[in-house]
Peer 1: 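Encoded as structure tokens, here's the structure I'll be asking about.
In what follows, every chain begins at residue 1, and chains take the letters A, B, ... in the order their sequences are listed. Not measured: the values here are computed from a predicted model.
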There are 4 protein chains.
Amino acid sequence: MKNKLIDAALNQYSIHGYHGATMRKIATEVGIKPASIYFFYENKETLFIAAFQQLLDDHFRQMESVLNNNKNSPVNQIFSALLHGIVAHHKGDEQRTTAYISLVTSPIPKINEHLNNHMLHINDWLVESLGSFLKKSYPLMSSCEVDRVIKQWVLIGNGVFWGIKLYEGKDFTEQVELADQMIHTLFLELEEKYTK
Amino acid sequence: MKNKLIDAALNQYSIHGYHGATMRKIATEVGIKPASIYFFYENKETLFIAAFQQLLDDHFRQMESVLNNNKNSPVNQIFSALLHGIVAHHKGDEQRTTAYISLVTSPIPKINEHLNNHMLHINDWLVESLGSFLKKSYPLMSSCEVDRVIKQWVLIGNGVFWGIKLYEGKDFTEQVELADQMIHTLFLELEEKYTK
Amino acid sequence: MKNKLIDAALNQYSIHGYHGATMRKIATEVGIKPASIYFFYENKETLFIAAFQQLLDDHFRQMESVLNNNKNSPVNQIFSALLHGIVAHHKGDEQRTTAYISLVTSPIPKINEHLNNHMLHINDWLVESLGSFLKKSYPLMSSCEVDRVIKQWVLIGNGVFWGIKLYEGKDFTEQVELADQMIHTLFLELEEKYTK
Amino acid sequence: MKNKLIDAALNQYSIHGYHGATMRKIATEVGIKPASIYFFYENKETLFIAAFQQLLDDHFRQMESVLNNNKNSPVNQIFSALLHGIVAHHKGDEQRTTAYISLVTSPIPKINEHLNNHMLHINDWLVESLGSFLKKSYPLMSSCEVDRVIKQWVLIGNGVFWGIKLYEGKDFTEQVELADQMIHTLFLELEEKYTK
DNA sequence: AATGAATGAGTCTTCATTCAT
DNA sequence: AATGAATGAAGACTCATTCAT
């Protein structure tokens with residue numbers, strides 16, 4: 001039930017925003033009465049913090065698992081696969097993605113903190129794990145350049161991510177292809193620079 | 001006063017979301033009583049539709065003016081300048097930018113419609129105006145490729161835009177630099193392909 | 001304009017009741033702004049007291065004029081004509097009739113007072129004027145009986161009056177006919193008793 | 001509590017009209033807070049529709065029971081008793097009677113519909129039940145005449161009913177007596193016509 | 001003669017929350 | 001584990017009224 005409540009909370013949040021996601025709507029969605037929510041969560045804020053926590057954790061776990069499934073591919077394919085993996089994850093659960101996007105403009109301070117930590121966490125993890133792959137393939141790359149490549153990849157990823165709410169169907173598929181091409185170009189440069 | 005109300009509405013919206021942007025908060029921000037708002041706008045929805053309309057119009061006008069100020073530069077600089085211009089515009093008015101981002105997850109159907117129209121409008125305009133610059137510089141480019149370049153540029157722009165809320169200070173400046181590099185690469189390819 | 005306001009007030013009152021007849025609705029109906037009403041009437045209560053006063057005065061004047069036009073007919077025809085006259089007056093201005101009915105349940109004490117005075121006034125007038133006609137035709141009738149006949153006539157009139165809101169078209173016409181028959185019977189009795 | 005709310009709603013309605021019968025006044029009358037009303041009724045309109053429904057149902061049941069208690073008396077006494085019964089019912093609960101009268105000028109369309117149905121229902125019922133009594137006593141009466149007698153009786157009843165708000169104490173008692181006399185006359189005619 | 005701008009009080013209604021059961 | 005009943009605070013909005021113009 002706690003999980004059903006979190007799902008409902010995220011869903012309502014994604015549709016109506018924090019103030020519009022009322023306890024009643026959430027309760028109705030899981031088939032209980034508003035008063036019953038308080039048996040599981042102390043109050044609205046607690047529920048939402050748990051919900052957002054889970055959202056971010058899932059998001060992170062998902063990225064880890066995608067990376068894990070591709071760690072034996074060539075670097076450039078890893079970057080590409082990771083992008084596709086994340087995109088697939090988001091597209092497969094648009095409701096949560098909307099929640100995730102809304103998070104960025106969340107009106108609750110505690111949640112913004114969580115989000116910032118999450119972002120730093122992801123960044124560290126990306127730099128560390130992707131960095132090690134890059135260095136393995138291009139041992140001559142400077143730390144600084146490794147950083148740069150990862151950040152550019154993230155920048156492209158952000159662009160695609162933002163497109164999730166802006167483009168639909170074929171238009172969005174095209175976005176992913178365009179991103180792929182740019183990643184490809186990124187690695188062409190590296191290849192040329194470090195492997196001849 | 002109608003304009004002051006729109007500003008306040010956007011500000012409150014950017015901070016608290018639609019349901020959290022109460023008439024009282026908006027009224028207080030402009031120094032009148034809640035009841036007085038209804039002298040200027042029929043109701044909350046009307047006020048917000050006017051506000052968002054203006055937000056989108058300003059946004060578009062801003063892009064136009066940036067383009068106008070750079071239309072005599074070389075193409076690659078136009079693309080770069082346009083990106084910087086938009087970023088500057090958004091950074092210079094973070095409150096409105098947050099409102100703009102929140103718009104994407106707005107709970108009011110009428111507003112989503114407006115937003116979609118706005119997006120299509122911008123797209124058309126970009127393809128048309130930037131397209132003509134590209135074709136002038138690289139007459140051999142196919143329409144299809146013109147389209148692709150513009151869309152990649154937009155993708156990078158979206159990445160930067162999304163970063164506005166995620167990065168601060170130097171970190172954000174770095175984002176713009178990274179984007180610039182990628183645009184640069186984009187045009188290097190074109191140069192190589194079409195001008196030798 | 002003062003008269004237009006009174007008409008509008010009565011109309012709105014008949015539709016929505018006192019609390020539902022807002023200054024705005026009244027102003028809109030006469031094509032001015034609410035604030036302008038206060039140039040003509042001190043406040044809502046004053047306006048309505050004037051309106052009701054006029055309503056009752058008109059009502060009374062109407063009855064007088066009907067009686068005047070028939071004062072040379074035989075008594076029984078006077079009674080019948082008076083009934084028809086009143087009914088015609090009310091049917092011809094249903095809006096005011098509704099207002100008149102609503103008056104009886106008015107929530108404003110001052111108005112109830114007015115109404116009571118009006119009722120007493122009408123009663124006195126009826127007893128006096130109709131009484132004199134009766135006594136002229138049936139000199140042997142006791143004051144007490146004169147009173148009784150008038151009151152029965154009023155009772156029938158009240159029945160018809162109440163029917164204005166309950167019956168429509170032919171159904172209402174039938175009511176008036178039924179009333180006529182009963183008045184006829186009333187005078188048959190008198191005839192039998194006093195003129196043989 | 002739902003019933004207490006209905007009583008309070010009718011009482012406030014009878015005093016102040018629909019728009020003047022505020023949720024606050026109703027809540028106060030039953031000793032709860034306005035917000036609590038919404039636990040029992042969806043909104044103001046729902047509450048009032050339930051209230052008026054009950055008012056009309058009670059009214060009808062009352063008439064039925066009066067008729068039932070007198071069905072073995074002679075016809076003319078049935079008519080008289082029914083009148084007295086209805087009058088007693090109304091006089092015994094003036095608050096509800098005022099509500100009933102106000103209903104006729106109610107500003108809510110749904111309620112007017114209910115009222116119309118109620119009136120038709122009562123009419124049918126009167127014609128059917130009183131009609132059968134009349135025919136039993138005067139087998140030679142035509143359906144048409146049966147109809148007429150009933151309608152005249154109703155007309156007198158309406159007159160008395162309307163008098164409830166106009167007359168007080170002895171004056172009202174007199175109204176009932178006058179009505180009684182007229183009913184008496186009505187049956188004298190029938191007696192003379194059909195039983196000699 | 002009329003109104004634009006403003007407001008305090010009050011309207012219906014919803015919200016998060018509580019607590020006894 | 002769940003809810004019926006209740007509520008204080010706040011939500012959007014309306015109302016009668018004022019006053020400078």
Peer 1: Over all strands shown, is B:Ile37 touching base, sugar-phosphate only, or nothing at heavy-atom distances under 4.0 angstrom?
Peer 2: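 Nothing, no nucleic acid heavy atom in range.
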Peer 1: Short of 4.0 Å, heavy atom to strand atom, which residues of residues 39-49 of chain A count as contacting DNA chain E?
Peer 2: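 Close to the strand are A:Asn43, A:Lys44.
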Peer 1: Side chains of D:Asn3 and D:Gln54 only: does a donor on one sit below 3.5 Å from an acceptor on the other?
Peer 2: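 Side-chain D/A pair, D:Asn3 to D:Gln54: present.
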Peer 1: Need the pair for F:dC13. Rule: Watson-Crick or G-U wobble, both distances under 3.5 Å, any strand; none if unpaired.
Peer 2: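 Result: E:dG10.
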Peer 1: Could you give the CD-to-C1' distance, from C:Gln12 to F:dC15, as a whole number of Å?
Peer 2: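 Interatomic distance, CD of C:Gln12 to C1' of F:dC15: 14 Å.
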Peer 1: Has C:Ser36 got a side-chain N or O lying under 4.0 Å from the OP1 or OP2 atom of E:dA1?
Peer 2: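 The answer is no; no side-chain N or O of C:Ser36 sits under 4.0 Å from OP1 or OP2.
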Peer 1: Output the rounded distance in Å from OH (A:Tyr38) to P (F:dG4).
Peer 2: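 To the nearest whole Å, that distance equals 16 Å.
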Peer 1: When you measure from the centre of the six-membered ring of B:Tyr18, is the NZ or CZ of B:Lys44 closer than 6.0 Å and no more than 45° off the axis?
Peer 2: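 The answer is yes; both the distance and angle limits are met.
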Peer 1: Starting at the 5' end of DNA chain F and moving along, which residue's nearest nucleotide shows up first, B:Thr22 or C:Ala35?
Peer 2: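 Between the two, 5'-proximity favours B:Thr22.
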Peer 1: Answer yes or no: are there more than 12 heavy-atom neighbours, outside B:Glu42 itself, under 6.0 Å from its atom CD?
Peer 2: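 12 or below, so no.
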Peer 1: Taking CG from D:Leu5 and P from F:dA5, how many angstroms apart are they, rounded to a whole number?
Peer 2: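 In whole Å, F:dA5 P lies 12 Å from D:Leu5 CG.
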Peer 1: In terms of side-chain heavy atoms of B:Met23, which of E:dT11, F:dA12, E:dA2 is nearest?
Peer 2: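 Of the options given, the side chain of B:Met23 lies nearest F:dA12.
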Peer 1: Is it the case that the side chain of C:Tyr13 and the backbone of C:Ser102 share a donor-acceptor pair, with hydrogens and angles ignored and the cut-off at 3.5 Å?
Peer 2: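 Checking the backbone N and O of C:Ser102 against the side chain of C:Tyr13, a donor-acceptor pair under 3.5 Å is found.
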Peer 1: Counting only side-chain N and O atoms of D:Arg24, is one of them less than 4.0 Å from OP1 or OP2 of E:dT11?
Peer 2: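 So the side chain of D:Arg24 is within the cut-off, an N or O lying under 4.0 Å from OP1 or OP2 of E:dT11.
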Peer 1: Would you say the rings of B:His118 and B:Phe52 are close, in the sense that their centroids are separated by under 6.0 Å?
Peer 2: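 No: the rings miss the under 6.0 Å criterion.
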Peer 1: Rounded to whole angstrom units, what separation is found between the NE2 atom of B:His19 and the C1' atom of E:dT13?
Peer 2: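 These atoms are roughly 15 Å apart.
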Peer 1: Tell me: NE2 of D:His16 to P of E:dT11, nearest whole Å?
Peer 2: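 In whole Å, E:dT11 P and D:His16 NE2 are 11 Å from each other.
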Peer 1: Any strand is fair game: report the nucleotide pairing with E:dA2 by Watson-Crick or G-U wobble, both distances under 3.5 Å, or none.
Peer 2: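 In the structure as shown, E:dA2 has F:dT21 as its Watson-Crick or wobble partner.
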Peer 1: Less than 6.0 angstrom from the centroid, inside 45 degrees of the normal: does C:Lys4 satisfy that with respect to the ring of C:Phe40?
Peer 2: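 Verdict for C:Phe40: no cation-pi partner in C:Lys4.
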Peer 1: What's the NZ-P distance between C:Lys2 and E:dA1, to the nearest Å?
Peer 2: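 Taking atom P of E:dA1 as the reference, NZ of C:Lys2 is at 10 Å.
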Peer 1: With side chains defined as the heavy atoms from C-beta onward, is the minimum distance between C:Leu10 and C:Tyr100 less than 4.5 Å?
Peer 2: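 No, too far: nothing below the 4.5 Å cut-off.
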Peer 1: Find which nucleotide of DNA chain F each of D:Ile32 and A:Lys33 is nearest to by heavy atoms, and output the residue with the more 5' nucleotide.
Peer 2: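 First, find each residue's nearest nucleotide; the 5'-ward one identifies A:Lys33.
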Peer 1: For B:Gly31 and C:Met1, take the nucleotide of DNA chain E holding the closest heavy atom to each; which residue's nucleotide lies nearer the 5' end?
Peer 2: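 Per heavy-atom nearest nucleotide, the more 5' residue is C:Met1.
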